[in-house]
Amino acid sequence: MTEIVHTDVLSPADRFDAWCDAVASTFVPLEARVRRDGGFRGGLRGQSVGTVQVSDVSGGPVEVERTAATIRRSDPGYLNLGMQLRGYCLVTQDGREAALTPGDFAVYDTRRPYGLAFEDDFRQLVLMFPRELLRLRSGDSEVVTARRISGRRGIGALVSPFLMTVAEQMETGQLASSFDLGDAVLNLLAAAFAEQLGSESNVPPETHQHALLLKIKAFIDARLDDPELSSPTIAGAHNISIRYLQMLFEGEGITVTSCIRRRRLERVSRDLRDPRMSSVPIGTLAGRWGLIDSSYFSKLFRSTFGQSPREYRATMTAGESAHPLR
């Protein structure tokens with residue numbers, strides 16, 4: 001974790017400019033205006049976690065604006081996800097406004113103008129990442145911006161506590177650079193926005209289907225440890241028929257069963273590569289991801305990776321390259 005700026009160590013006359021410079025250099029060029037006379041206090045700490053830049057920003061009443069002029073100065077084409085930790089924020093972009101209170105979050109796109117208005121002292125967790133990580137189609141990315149996702153209901157209630165934990169770990173210096181934000185979390189983020197899109201009557205039918213599919217994949221990822229996870233349980237949880245569920249996955253060229261199987265194998269293979277789990281029995285690792293039949297698991301693993309689980313673990317321990325899923 002890097003403490004980029006904390007204004008308390010600066011003279012009052014230098015605080016706001018230093019904070020503005022730190023924010024612009026961490027994210028993108030911006031214009032900022034203080035909203036209250038008197039001394040400004042703020043801070044910014046940041047850390048790279050894989051391809052995601054995680055930042056904890058605090059400050060006093062301020063307006064921040066991404067303008068056409070600042071976009072011309074630098075346009076990395078990233079998405080920012082801001083989750084309110086303290087205070088109130090109004091996010092504006094693409095003709096919409098999102099009013100955030102603690103636990104709520106919204107996305108805004110650095111490629112287009114946006115504004116952030118903080119009426120009082122605030123603290124916000126910001127994740128900046130390449131657009132493709134959110135796994136939304138290009139058309140969808142323009143309709144998810146500046147939409148408030150509540151941290152108290154729906155899929156947002158799953159995402160918000162996780163992001164709170166990220167903020168706490170970074171504050172205490174416990175967030176490792178190797179920390180895995182994970183496919184499941186990114187799928188949850190995508191599903192949280194897709195869930196909201198799915199409730200909009202003016203969204204095309206194919207977007208509703210895409211929203212449902214993302215939600216189902218997040219449901220699967222959250223329950224890979226359940227050996228009973230199956231098409232009937234998934235369809236029942238989403239109030240759809242098994243045939244319709246199969247149709248959604250057929251559109252991606254896979255089946256529900258193969259999706260579950262592949263995700264479980266990905267998790268097991270990741271654990272087998274993890275030196276922290278080198279002493280954990282292979283059967284235990286497989287069981288924690290719902291693969292409780294050891295004979296079936298061994299045959300499935302070998303047919304997928306070309307090695308037995310034991311051989312795969314030994315190969316990874318020796319530092320050789322991994323075999324791709326096939």
Side-chain angles (χ1 to χ4, degrees), residues 23-24 26-33 35 52-55 57 59 61-72 74-120 122-160 163 186 188-204 207-208 210-211 214-215:
V23 167
T26 300
F27 303 114
V28 289
L30 299 163
E31 295 180 0
R33 296 175 295 278
R35 300 184 64 172
V52 180
Q53 173 67 29
V54 183
S55 301
V57 191
V62 66
E63 292 182 2
V64 175
E65 188 176 6
R66 176 82 161 150
T67 65
T70 57
I71 291 172
R72 286 194 295 271
S74 176
D75 180 18
Y78 280 10
L79 289 178
N80 282 2
L81 181 146
M83 187 184 76
Q84 205 67 14
L85 299 174
R86 184 177 68 245
Y88 170 89
C89 175
L90 184 67
V91 182
T92 58
Q93 190 171 43
D94 297 324
R96 290 182 294 273
E97 295 183 345
L100 308 182
T101 57
D104 300 337
F105 56 91
V107 156
Y108 43 100
D109 193 326
T110 64
R111 298 174 303 166
R112 299 189 301 281
Y114 64 80
L116 307 174
F118 302 95
E119 292 187 348
D120 209 334
F122 75 92
R123 182 180 167 213
Q124 188 176 84
L125 181 74
V126 181
L127 274 58
M128 186 167 72
F129 50 89
R131 295 172 54 253
E132 57 269 19
L133 288 188
L134 196 53
R135 296 173 186 168
L136 290 175
R137 297 173 302 182
S138 58
D140 288 345
S141 65
E142 296 183 3
V143 295
V144 301
T145 53
R147 291 183 182 269
R148 170 182 169 271
I149 301 296
S150 171
R152 290 167 287 282
R153 62 177 180 271
I155 296 177
L158 301 176
V159 178
S160 186
L163 295 179
L186 291 168
L188 279 174
L189 288 175
F193 290 103
E195 180 180 56
Q196 188 177 71
L197 286 178
S199 68
E200 297 285 341
S201 59
N202 61 346
V203 173
T207 301
H208 285 276
H210 185 62
L214 285 171
K215 187 176 180 180

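From a predicted model like this one, the values you see are computed outputs, not experimental measurements.
Contact of the Leu30 side chain with the Val23 side chain is registered, since non-hydrogen atoms from C-beta on lie closer than 4.5 Å. In this structure, the side chains of Val57 and Phe27 come closer than 4.5 Å at one or more pairs of heavy atoms. The shortest side-chain heavy-atom distance between Arg148 and Leu100 falls under the 4.5 Å cut-off. Using a 4.5 Å cut-off on side-chain heavy atoms (C-beta onward), Tyr78 and Gln53 make no contact. At least one side-chain heavy atom of Ser160 sits under 4.5 Å from a side-chain heavy atom of Met83. Two residues are said to be in side-chain contact when any heavy atoms from C-beta on lie closer than 4.5 Å; Tyr114 and Thr145 fail this criterion. Here the side chains of Pro29 and Arg66 are in contact, with some heavy-atom distance below 4.5 Å. Within the 4.5 Å cutoff, side-chain heavy atoms of Arg152 are placed close to those of Thr101.
Listed here is the closest heavy atom pair of Ile149 and Gly156: CG2-CA, 3.9 Å. Nearest heavy atoms, Ala99 versus Asp104: O-OD2, 4.2 Å. Here the closest heavy-atom approach between residue Gln93 and residue Tyr108 is recorded as OE1-CA, 3.2 Å. When all heavy atoms are compared, the tightest approach of Gln124 to Cys89 is NE2-SG, 3.8 Å. Heavy-atom minimum distance, Arg35 versus Phe118: CD-O, 3.6 Å. Between Glu31 and Thr70, the shortest heavy-atom distance links the atoms CG-CG2, 4.0 Å.
Each of Leu79, Val107, Thr110 was compared with Arg131 under the side-chain contact (heavy atoms from CB on, under 4.5 Å) criterion, and only Leu79 meets it. None of Asn80, Leu125, Thr26 except one satisfies the side-chain contact (heavy atoms from CB on, under 4.5 Å) rule with Ser55; the exception is Thr26.
With hydrogens and angles ignored, the 3.5 Å screen pairs a side-chain donor or acceptor of Asp109 with a backbone N or O of Arg111.
Between atom CD of residue Glu119 and atom CD of residue Glu63 there is a gap of 9.5 Å, rounded to the nearest 0.5 Å.
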